[in-house]
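Here the structure comes first, spelled out in structure tokens, and everything after it is commentary.
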Amino acid sequence: MAEPVHLLHALTIVAAENQDEFDPNDVTPGVAGFILTFVVMVVVLLLIFDMVRRIRRVNYRAEVRQQLEAEQRGEEAGEADGEAVDGGGDRPARGDQP
């Protein structure tokens with residue numbers, strides 16, 4: 001079982017020895033690789049800007065919703081307090097007590 005592995009390893013070494021030394025300029029991505037990388041980078045930046053814009057919009061909507069709910073609760077609480085003060089009739093208001 002180990003013999004085929006050794007044979008494969010030996011063939012790989014022989015094949016590597018028969019190859020000429022490679023030129024570093026032949027293994028670079030070149031102009032096409034640069035252009036493709038640049039395009040991918042621009043697309044990613046546009047996606048990031050769009051995501052940030054959408055997150056801000058969601059946050060602003062949540063803040064406005066919270067403000068509206070707080071105002072509504074304040075109005076409801078004010079109406080409830082107003083009924084209690086006005087409904088007493090004989091009782092003096094809170095600030096009128098001696």
Side-chain angles (χ1 to χ4, degrees):
M1 188 61 110
E3 292 177 12
V5 173
H6 291 295
L7 181 62
L8 181 62
H9 182 65
L11 288 175
T12 305
I13 291 174
V14 169
E17 288 176 357
N18 290 337
Q19 290 180 352
D20 295 331
E21 187 67 30
F22 67 89
D23 184 17
N25 294 326
D26 291 339
V27 294
T28 61
V31 176
F34 174 76
I35 292 172
L36 181 66
T37 303
F38 185 77
V39 168
V40 168
M41 182 184 67
V42 168
V43 169
V44 167
L45 286 175
L46 290 174
L47 286 172
I48 289 172
F49 286 134
D50 184 56
M51 180 185 66
V52 168
R53 190 186 82 219
R54 290 174 188 265
I55 289 173
R56 281 186 187 152
R57 187 182 311 155
V58 168
N59 287 338
Y60 290 148
R61 286 180 181 172
E63 288 176 10
V64 168
R65 187 177 302 125
Q66 288 175 353
Q67 289 174 352
L68 291 174
E69 289 174 358
E71 288 176 5
Q72 187 177 14
R73 284 190 302 253
E75 289 175 359
E76 291 173 359
E79 291 174 0
D81 289 342
E83 291 175 8
V85 171
D86 292 339
D90 295 334
R91 292 185 304 169
R94 293 180 188 164
D96 295 339
Q97 292 180 356

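Note that these values count all heavy atoms, side chains included, but never hydrogens, waters or copies made by symmetry.
- If you take CZ on F49 and CG on L46, they are separated by 7.5 Å, rounding to the nearest 0.5 Å.
- Atoms CE and CG, on M41 and L45 in that order, are 6.0 Å from each other to the nearest 0.5 Å.
- Hydrophobic clustering of Ile, Leu, Val, Met, Phe, Trp and Tyr side chains at less than 4.5 Å, counting indirect connections, keeps I55 apart from L47.
- No more than 12 heavy atoms of other residues, nucleotides or ligands lie within 6.0 Å of CZ in R61, so this atom counts as exposed by the packing criterion.
- The hydrophobic cluster containing M51 does not contain V43, counting ILVMFWY residues as joined when their side-chain heavy atoms lie under 4.5 angstrom apart, directly or transitively.
- When the options Q67, R73, E71 are evaluated for a side-chain contact (heavy atoms from CB on, under 4.5 Å) with E69, the one that passes is R73.
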Exercise for the section: Show your working on side-chain contact (heavy atoms from CB on, under 4.5 Å) between D50 and R53 and close with a plain yes or no. Expected result: CA-CA 5 Å; D50 184 56; R53 190 186 82 219; 3.1 Å; yes
Problem - Pair V58-R54, side-chain contact (heavy atoms from CB on, under 4.5 Å): steps then yes or no - result: CA-CA 6 Å; V58 168; R54 290 174 188 265; 5.6 Å; no
